[in-house]
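Order of appearance sets the numbers: ligands from 1, and atoms from 1 within every ligand. Nothing here was measured: the structure is a model prediction, and the numbers come from that model.
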Amino acid sequence: MKKSMIDQVLKGHVPEHIAIIMDGNGRWAKARALPRIAGHKEGINSVREITRVCGEIGVKHLTLYTFSTENWKRPSSEVSALMHLLLKTIKEEIKELHRKDVRFTIIGDLDTIPLKTANGLRDGIEMTKANAGLNLNLALNYGSRQEIVEAMKSIAHQVKSGAVLPENIDIEFLNNSLLTNNMPDPELLIRTSGEHRLSNFLLWQIAYTEIFMTDLFWPEFREEQLLDSILDFQSRERRFGNIKEMIQG
Ligand code: IPE
Ligand code: IPE
Ligand code: MG
């Protein structure tokens, strides 16, 4: 079944960049009378499976919304449990990711998360930096508005110093000033758990991204669901403002 789904997916255009808002871990746990952290733990099994499948079908970049700048508002017990879980997971998984030629990267502010976690993540980035396979990119302590503000500040400094003329600032220039400067815009954005909002994720980059929403909670989103979402994506007509199908790239 999955093998034939993969064959089907490979007949069409596989998105170069998939971005996912992994939502619903807490509700998945609540539905089973478990603590929220049990949902986050189960969510890691989805991350592992989705990463593996993306590597197998040739996705180039997989950006996973892991912790938003707004998630600091949560109870400190949940925040610290999440930070511990992140460190534990990266330590357990990084060698296997490295073996699979995965390049691990982060977008977001590593300087203001707990030092042990930040250092564990930095080690993973360093270990895999020369890999040429799937780019597994975690959006961590990430907020799209903050990212745009930082880009604006950097551009303002460059203008002030005379290095850049205002008339030379265009879409490409802003693209290159963002944390995602080394990757194409996502072609497919997935959000789980039935919420229909963006929650400060990649606001600039998703101008023409196809959006797939599912009521399933993130721990329930696995290989079959990912392949389904890509088949759905492949069935769409992307117009980019034109009047007939214009597939980019
Ligand atoms: C997503 O699941 C994971 C993070 C935001 C860290 P949630 O923790 O938001 O789960 P729900 O939305 O409360 O069910
Ligand atoms: C978005 O989920 C952030 C992540 C998945 C990391 P949230 O659960 O934080 O989003 P809201 O609060 O429902 O908008
Ligand atoms: Mg949520």
So for [X], does at least one of its heavy atoms come nearer than 4.0 angstrom to any atom of ligand 1?
| X | result |
| --- | --- |
| Arg36 | yes |
| His40 | yes |
| Gly24 | yes |

Ligand 1 atoms in contact with Thr66 (distance to a heavy atom under 4.0 Å) |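 By the 4.0 Å cutoff, the relevant atoms are 6 (C).
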Nearest protein heavy atom to [atom], by residue and atom, and its distance?
| atom | answer |
| --- | --- |
| atom 1 (C) of ligand 1 | Met22 O, 2.9 Å |
| atom 5 (C) of ligand 1 | Arg74 NH2, 3.4 Å |
| atom 14 (O) of ligand 2 | Ser199 OG, 2.6 Å |

Does ligand 2 have any atom sitting under 4.0 Å from a heavy atom of Lys73?
->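 No, Lys73 has no heavy atom closer than 4.0 Å to ligand 2.
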Arg197 heavy atom under 4.0 Å from ligand 2 |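 Yes, that is the case, since the closest heavy atom of the residue is under 4.0 Å from the ligand.
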Assign the ring pair Tyr142 / Tyr65 to parallel, tilted or perpendicular, where the plane angle (0 to 90°) is split at 30° and 60°.
->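 It falls in the perpendicular class, over 60°.
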Closer than 4.0 Å: a protein non-hydrogen atom to atom 11 (P) of ligand 2 |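 So atom 11 (P) of ligand 2 has protein heavy-atom neighbours under 4.0 Å.
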Which bit of Asn71 is near ligand 1, meaning a heavy atom under 4.0 Å away: side chain, backbone, both or neither?
->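 The part of Asn71 near ligand 1 is the side chain, not the backbone.
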Is any side-chain N of the basic residue among Glu126 and Arg122 closer than 4.0 Å to the acidic one's carboxylate O?
->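 Salt bridge absent between Glu126 and Arg122.
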Given Asn141, Thr63, Leu178, the one that forms side-chain contact (heavy atoms from CB on, under 4.5 Å) with Ile107 |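 Option passing the side-chain contact (heavy atoms from CB on, under 4.5 Å) with Ile107: Thr63.
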ring-ring contact (aromatic ring centres under 6.0 Å, His included) against Phe173, all qualifying residues, sequence neighbours excluded |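 Checked Phe173 against ring-ring contact (aromatic ring centres under 6.0 Å, His included); zero matches.
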Quick check: does Tyr65 get an N/O under 3.5 Å from an N/O on ligand 2?
->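 Between Tyr65 and ligand 2 (N or O atoms, distance only) the closest approach is not under 3.5 Å.
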Do you see an N/O/S atom of Glu195, backbone or side chain, under 2.8 Å from the Mg ion (ligand 3)?
->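 So Glu195 does not bind the Mg ion (ligand 3) by this criterion.
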